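Following: one structure in structure tokens, then a few remarks.
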Amino acid sequence: MTAPTKPPHSHSAAPRSDGPLGQSLHGAVIDWFEENARDLPWRRPDAGPWGVMVSEFMLQQTPVSRVLPVYEQWLARWPRPADLAKDTPGEAVRAWGRLGYPRRALRLHGAAVAIAERHGGDVPTDHAQLLALPGIGEYTAAAVASFAYGQRHAVLDTNVRRVLARAVTGVQYPPNATTAAERKLARALLPEDEHTASRWAAASMELGALVCTAKNEACHRCPIAAQCAWQLAGKPEHEGPPRRGQTYAGTDRQVRGKLLAVLRDAHAPVPQAALDRVWHEPVQRARALDGLVADGLVEPLPDGMYRLPAS
DNA sequence: TACGCGTGGAA
DNA sequence: TTTCCAAGCGT
């Protein structure tokens, strides 16, 4: 990546009516962001709302470094929602490659169809309309509204949750699932001014991604270390039950991944025997394939062959 | 609310 | 090698 983006406006002129705690954080974090923000393609002015939306789908649980090349290919191939809507869901799944969670590709295709049919081909600006699209939940609706349209929303992703847990609550990690208390805190900290609020959303997220990381946090580079409740408390370690880990080897997910990889790489329908080769245990193999069909990721043909969905 | 859902890189 | 983690969503 090249030089960081420099937004044209400064936060300092914006009026604020939020509390003193927020005021002491916003300026420092936004200033830090203006100096240290990564130059990511979906942050460039020419990315547009569709580019922002595509990036948000891809970034759901997938690191930036792996999203970058697929994002570029995707936008080059389908520069507008209507372009994707005209193609098959199977092509979306194929182009998704190995980003993981391929149901996201299906949902992004479904969202493009809905945008073409219901919104005149333009990504909706309204939070509720965004939320109604497949694959868009609370976080993504707020992120698109904020990043693409500059609106004022609490954008509460895993990075922001961790920053608030440490800086405000004084604990090492947020709860496993987002709580009402976290939402309330995020709303309370949201700058009153719309432009400042959208900058704060991006800046606090970037701070969590680059400095206030889950492991090996870089407090010496943190613009709010002096005010951080966790730092001031001596950085106590997480107490309580271990945070939920993800097992993978031997699960249906692994089998599904192997099955779908065969179909992604094949550009013609595949016989059952080719799928049988990916996993030795027939019961689990059948269950995984049934699940893929049920999810709409695989289409069984009348002749016993399988392919990615053509419709 | 808790769980299922992919993948690969880093420690 | 194993474990943990990465801009969540839908049920």
Side-chain angles (χ1 to χ4, degrees), chain A residues 33 37-38 40-43 47 51-71 93 96-108 110-111 130-148 153-163 172-180 182 186 198 201-210 212-217 238 241-264 278 284 287-288 290-292 294-298:
Chain A
F33 182 61
R38 290 167 292 179
L40 301 170
W42 44 87
R43 287 180 178 162
V52 171
M53 182 172 148
V54 169
S55 77
E56 291 302 335
F57 270 77
M58 292 182 173
L59 288 164
Q60 292 169 0
Q61 301 285 280
T62 302
V64 166
S65 61
R66 289 176 46 211
V67 164
L68 283 170
V70 183
Y71 171 86
V93 171
W96 197 255
R98 305 187 68 81
L99 286 183
Y101 294 145
R103 294 192 292 195
R104 292 181 293 165
L106 224 44
R107 289 169 183 156
L108 180 50
L130 288 165
L131 198 54
L133 296 173
I136 296 194
E138 190 62 41
Y139 160 76
T140 303
V144 172
S146 180
F147 302 154
H153 293 282
V155 180
L156 200 54
D157 80 319
T158 187
N159 290 305
V160 176
R161 293 180 63 218
R162 190 172 53 248
V163 168
Q172 187 177 22
Y173 296 118
N176 276 331
T178 307
T179 63
E182 288 181 275
S198 68
S204 55
M205 192 176 305
E206 189 79 336
L207 185 66
L210 297 184
C212 193
T213 48
K215 292 195 298 186
N216 303 119
E217 66 279 357
H238 173 76
R243 307 161 72 214
R244 188 169 70 87
Q246 314 168 1
T247 55
Y248 182 65
T251 61
D252 287 4
R253 280 154 86 176
Q254 185 183 20
V255 185
R256 287 166 58 108
K258 287 178 177 293
L259 290 170
L260 208 57
V262 171
L263 295 171
R264 268 200 314 265
V278 309
Q284 188 180 24
R287 187 172 65 231
D290 286 350
L292 288 170
D295 286 347
L297 283 164
V298 172

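Chain letters run A, B, ... following the sequence lines, proteins first and then strands; every chain starts at 1. All values below were derived from every heavy atom in this structure, side-chain atoms included, with hydrogens, water molecules and symmetry-related copies excluded. For clarity, every value in this text was computed on a predicted model and none was experimentally measured.
Atom CG in A:Leu106 sits about 15 Å away from atom P in B:dC5, given to the nearest Å. Remark: P of B:dG4 and CD of A:Gln254 are 15 Å apart, rounded to the nearest angstrom. The CD-C1' distance, from A:Gln60 to B:dT7, rounds to 15 Å in whole Å. Per the geometry, OH belonging to A:Tyr101 stands 9 Å off P belonging to B:dC5, to the nearest Å. Here the C1' atom of nucleotide B:dT1 and the CG atom of A:Asn176 are 11 Å apart, to the nearest Å. In this structure, A:Met58 places its CE atom 20 Å from P of C:dA6, rounding to the nearest Å. Look at OH on A:Tyr139: it is 7 Å from P on C:dG8, rounded to the nearest Å. Between A:Glu138 atom CD and C:dG10 atom P the separation is 11 Å, expressed in whole Å.
Among the heavy atoms of the strands lying under 4.0 Å from A:Arg98 are primed sugar atoms or P, OP1, OP2 only; no base atom is included. Looking at heavy-atom distances under 4.0 Å, A:Thr140 makes contact with sugar-phosphate atoms alone, never a base. Within the 4.0 angstrom heavy-atom criterion, base atoms lie near A:Tyr248. In this structure, A:Ile136 reaches the sugar-phosphate backbone alone: every heavy-atom distance under 4.0 Å involves primed, P, OP1 or OP2 atoms, never a base. Here A:Trp96 lies out of heavy-atom contact (under 4.0 Å) with every strand. Within the 4.0 angstrom heavy-atom criterion, base atoms lie near A:Arg66. Looking at heavy-atom distances under 4.0 Å, A:Arg161 makes no contact with the nucleic acid at all. Residue contacts for A:Thr158: at a heavy-atom cut-off of 4.0 Å it reaches the sugar-phosphate backbone alone, with no base atom in range.
Take the nearest nucleotide of DNA chain C for A:Lys215 and for A:Gln61: the residue whose nucleotide is more 5' is A:Lys215. Across the interface with DNA chain B, nearest-nucleotide mapping of A:Ala177 and A:Asp252 shows A:Ala177 to be the residue nearer the 5′ end.
One P atom belongs to B:dA11, the other to C:dA7, and the distance between them is 15 Å to the nearest Å.
Proximity of a side-chain donor or acceptor of A:Arg104 to a complementary backbone N or O of A:Phe57 within less than 3.5 Å is detected. Of the possible donor and acceptor atoms, none in the side chain of A:Gln61 sits under 3.5 Å from a partner among the backbone N and O of A:Gly100. Of the possible donor and acceptor atoms, none in the side chain of A:Arg264 sits under 3.5 Å from a partner among the backbone N and O of A:Trp96.
Between A:Arg162 and A:Gln172, the closest heavy-atom pair is CG-O, 4.2 Å.
Nearest nucleotide to the A:Arg256 side chain, out of B:dC5, B:dA11, C:dA6: B:dC5. Here C:dG8 is the nucleotide among C:dG10, B:dC5, C:dG8 with the atom lying nearest to any side-chain atom of A:Asp157. Minimum atom distance to the side chain of A:Asn216 is reached by B:dA11, of the listed B:dG4, C:dA7, B:dA11.
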With side chain to side chain contact (heavy atoms under 4.5 Å, CB included) as the criterion, how do A:Tyr71 and A:Val54 come out once you've worked through the C-alpha distance, each side chain's angles and the decisive distance to 0.1 Å?
CA-CA 7 Å; A:Tyr71 171 86; A:Val54 169; 4.0 Å; yes

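OP1 or OP2 of B:dT7 lies within a sub-4.0 Å distance of a side-chain N or O belonging to A:Arg264. Between A:Arg287 and B:dG4, a side-chain N or O to OP1/OP2 separation shorter than 4.0 Å is absent.
Side-chain to base pairing of A:Arg253 with B:dG6: one donor and one acceptor N or O lie within less than 3.5 Å of each other.
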Could you pull out all donor-acceptor pairs under 3.5 Å where a side-chain atom in residues 138-147 of chain A meets a protein atom, sequence neighbours excluded?
unit_1	atom_1	unit_2	atom_2	d
A:Tyr139	OH	A:Glu56	OE1	2.8
A:Thr140	OG1	A:Gln60	NE2	3.0

